[in-house]
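Read through the structure below, which is laid out as structure tokens, and then see the notes.
Each chain gets a letter, A, B and so on, in the order the sequences are listed, and its residues count up from 1.
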Protein chains: 2
Amino acid sequence: MEPSLTTNQKIVLQALEASEQPLGAYNILFNIEKKGIKSPQQVYRALDKLIEIGAVHKIESLNSYIACKHKDCKARESTSFLICQECQKVYEVHENDLSDKFLKLSQKSNFKYSTHNLEIFGICGLCN
Amino acid sequence: MEPSLTTNQKIVLQALEASEQPLGAYNILFNIEKKGIKSPQQVYRALDKLIEIGAVHKIESLNSYIACKHKDCKARESTSFLICQECQKVYEVHENDLSDKFLKLSQKSNFKYSTHNLEIFGICGLCN
DNA sequence: ATCTGTGATGTTATATTATAACGTAACATA
DNA sequence: TATGTTACGTTATAATATAACATCACAGAT
């Protein structure tokens, strides 16, 4: 059962879905001011919720956010991205064996794996 | 040949080496004000250089910095960490096959791998 | 039909993280 | 000594994120 989104959450999500690149919170705010969103709080609150339900992911190294293209995204916590340094596009990676790989890697250090964030930088197929 | 550090760079590096956990830039600043460092700029400039030579790494998801314990760290760009959610300690991972793994993973998406940032969250051996 | 808890909203203010911009000093070397 | 380069000091400001408070909407219990 899909959690139904509030108006503000829909507005923020649509802004992200309409963008080719990840957007910062204030960039989102700028884009949707015409829709009545007036403060950073409103954006951040919507983002919090959208991230919680897996509809949006944060790119930590860019302080930016992207809409998740996958229905019922499992990546509520763990995320893996390919980030093009040329066109700034971000491609989400869904490799099931990544978590497994990182679990094993963690075990070697007697570390109990919970979640991960992977950001791979390079040049995408469209740019080279 | 080791690049010789300036006074400010040494002060910042020592502050990070003395810390069990990663430190934010303003936290560093607070710690070293008694040594005559007065502005964020001085900290950030030192950090920039230290990161450039591989003596310090940034933990993106924490907006924090750690001293690298490895001599001649290759991780000028690619970094991999285990981050304990209990004690906040960060352990740097040096697995040579990680870059290779990510290179192959990238190729599947016709993406030219350059560098990566991997942050694994969980509980460290001391905490569980 | 009220009361009450919960979650969303709107708004102002502020905290936190990071960089711009400007002038000066130190130092190597041509 | 002129010159380029790099670091430094300082003030100001940009960019990112959260705190705090009052209000509203609505579901469910009494």
Side-chain angles (χ1 to χ4, degrees), chain A residues 1-16 19 21-67 79 83 88 90 117 119, chain B residues 1-16 19 21-67 79 83 88 90 117 119:
Chain A
M1 38 191 277
E2 291 283 318
S4 62
L5 299 178
T6 67
T7 306
N8 285 4
Q9 288 158 11
K10 281 180 202 158
I11 292 172
V12 169
L13 182 55
Q14 283 163 12
L16 285 173
S19 172
Q21 286 108 12
L23 298 177
Y26 282 75
N27 196 327
I28 295 171
L29 176 57
F30 176 81
N31 285 335
I32 62 182
E33 269 175 343
K34 52 189 166 303
K35 299 198 176 168
I37 305 293
K38 290 178 182 164
S39 80
Q41 270 289 16
Q42 296 171 289
V43 175
Y44 279 107
R45 289 207 274 232
L47 285 174
D48 284 347
K49 192 53 179 269
L50 291 167
I51 289 170
E52 187 187 320
I53 65 174
V56 164
H57 305 309
K58 178 173 185 182
I59 316 290
E60 293 289 350
S61 63
L62 302 177
N63 295 314
S64 296
Y65 305 85
I66 58 166
T79 48
I83 303 172
Q88 328 305 329
V90 172
N117 171 45
E119 301 172 352
Chain B
M1 40 190 274
E2 291 283 316
S4 62
L5 300 178
T6 68
T7 305
N8 286 3
Q9 288 158 10
K10 281 181 201 159
I11 291 173
V12 169
L13 182 55
Q14 284 163 12
L16 285 174
S19 172
Q21 286 107 12
L23 298 177
Y26 282 74
N27 195 327
I28 295 170
L29 176 57
F30 177 80
N31 286 335
I32 62 181
E33 269 175 343
K34 51 188 168 302
K35 298 197 177 172
I37 306 294
K38 290 178 181 164
S39 81
Q41 269 289 14
Q42 296 171 288
V43 174
Y44 279 106
R45 288 206 275 231
L47 285 173
D48 284 348
K49 191 55 180 267
L50 291 166
I51 288 170
E52 187 187 319
I53 65 174
V56 165
H57 306 309
K58 179 174 185 182
I59 316 290
E60 293 289 351
S61 62
L62 303 177
N63 294 313
S64 296
Y65 306 85
I66 58 167
T79 48
I83 303 173
Q88 327 306 330
V90 172
N117 171 45
E119 300 172 354

From [atom1] of [X] over to [atom2] of [N], roughly how many Å is that when rounded to an integer?
X	N	atom1	atom2	result
Leu62(A)	dT16(D)	CG	P	11 Å
Asn27(A)	dA17(D)	CG	P	12 Å
Asn8(B)	dT10(D)	CG	C1'	13 Å
Ile59(B)	dA18(C)	CD1	C1'	17 Å
Ile11(B)	dA7(D)	CD1	C1'	13 Å
Ile53(A)	dA8(C)	CD1	C1'	14 Å
Lys35(A)	dG10(C)	NZ	P	15 Å
Asp48(A)	dG7(C)	CG	P	14 Å

May I ask you to evaluate whether [X] reaches the phosphate of [N], defined as a side-chain N or O under 4.0 Å from OP1 or OP2?
X	N	value
Tyr44(B)	dA18(C)	yes
Lys58(B)	dA18(C)	yes
Gln42(A)	dG10(C)	yes
Tyr65(A)	dA17(D)	yes
Asn63(B)	dA17(D)	no
Lys38(A)	dG10(C)	no

Original post:
So what does Ser39(B) touch, heavy atoms closer than 4.0 Å: a base, only the sugar-phosphate, or nothing?
Top reply: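 Base, at least one base atom sits under 4.0 Å.
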Subject >> Under 5.5 Å and under 30°: Tyr26(A) stacked on dT16(D) >> reply: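 Here the ring of Tyr26(A) and the base of dT16(D) are stacked, with centres under 5.5 Å and planes under 30°.
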Between atom [atom1] of [X] and atom [atom2] of [Y], what is the distance when rounded to the nearest 0.5 Å?
X	Y	atom1	atom2	value
Leu47(A)	Leu23(A)	CG	CG	10.0 Å
Leu16(A)	Ile32(A)	CG	CD1	8.5 Å
Ile37(A)	Ile28(A)	CD1	CD1	11.0 Å

Subject >> Audit row: Ile83(A), Gln88(A), side-chain contact (heavy atoms from CB on, under 4.5 Å) steps and yes/no >> reply: CA-CA 6 Å; Ile83(A) 303 172; Gln88(A) 328 305 329; over 6 Å; no
Original post:
Between the base of dA20(C) and the side chain of Gln41(B), is there any donor-acceptor pair under 3.5 Å?
Top reply: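 By the distance-only test, yes, there is a pair.
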With the side chain of [X] defined as its heavy atoms from C-beta on, choose the nearest nucleotide among [options].
X	options	answer
Pro40(B)	dC8(D), dT19(C), dT11(C)	dT19(C)
Gln9(B)	dG9(D), dA8(C), dA7(D)	dA7(D)
Arg45(A)	dT9(C), dT17(C), dT12(C)	dT9(C)
Thr6(B)	dT17(C), dA17(D), dC8(D)	dC8(D)

Subject >> Heavy-atom check, side chain of Leu50(B) versus side chain of Leu5(B), under 4.5 Å >> reply: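 Result yes, sub-4.5 Å side-chain heavy-atom pair found.
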Original post:
Are Leu29(A) and Lys38(A) close enough that some pair of their side-chain heavy atoms sits under 4.5 Å apart?
Top reply: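 A side-chain contact under 4.5 Å is absent here.
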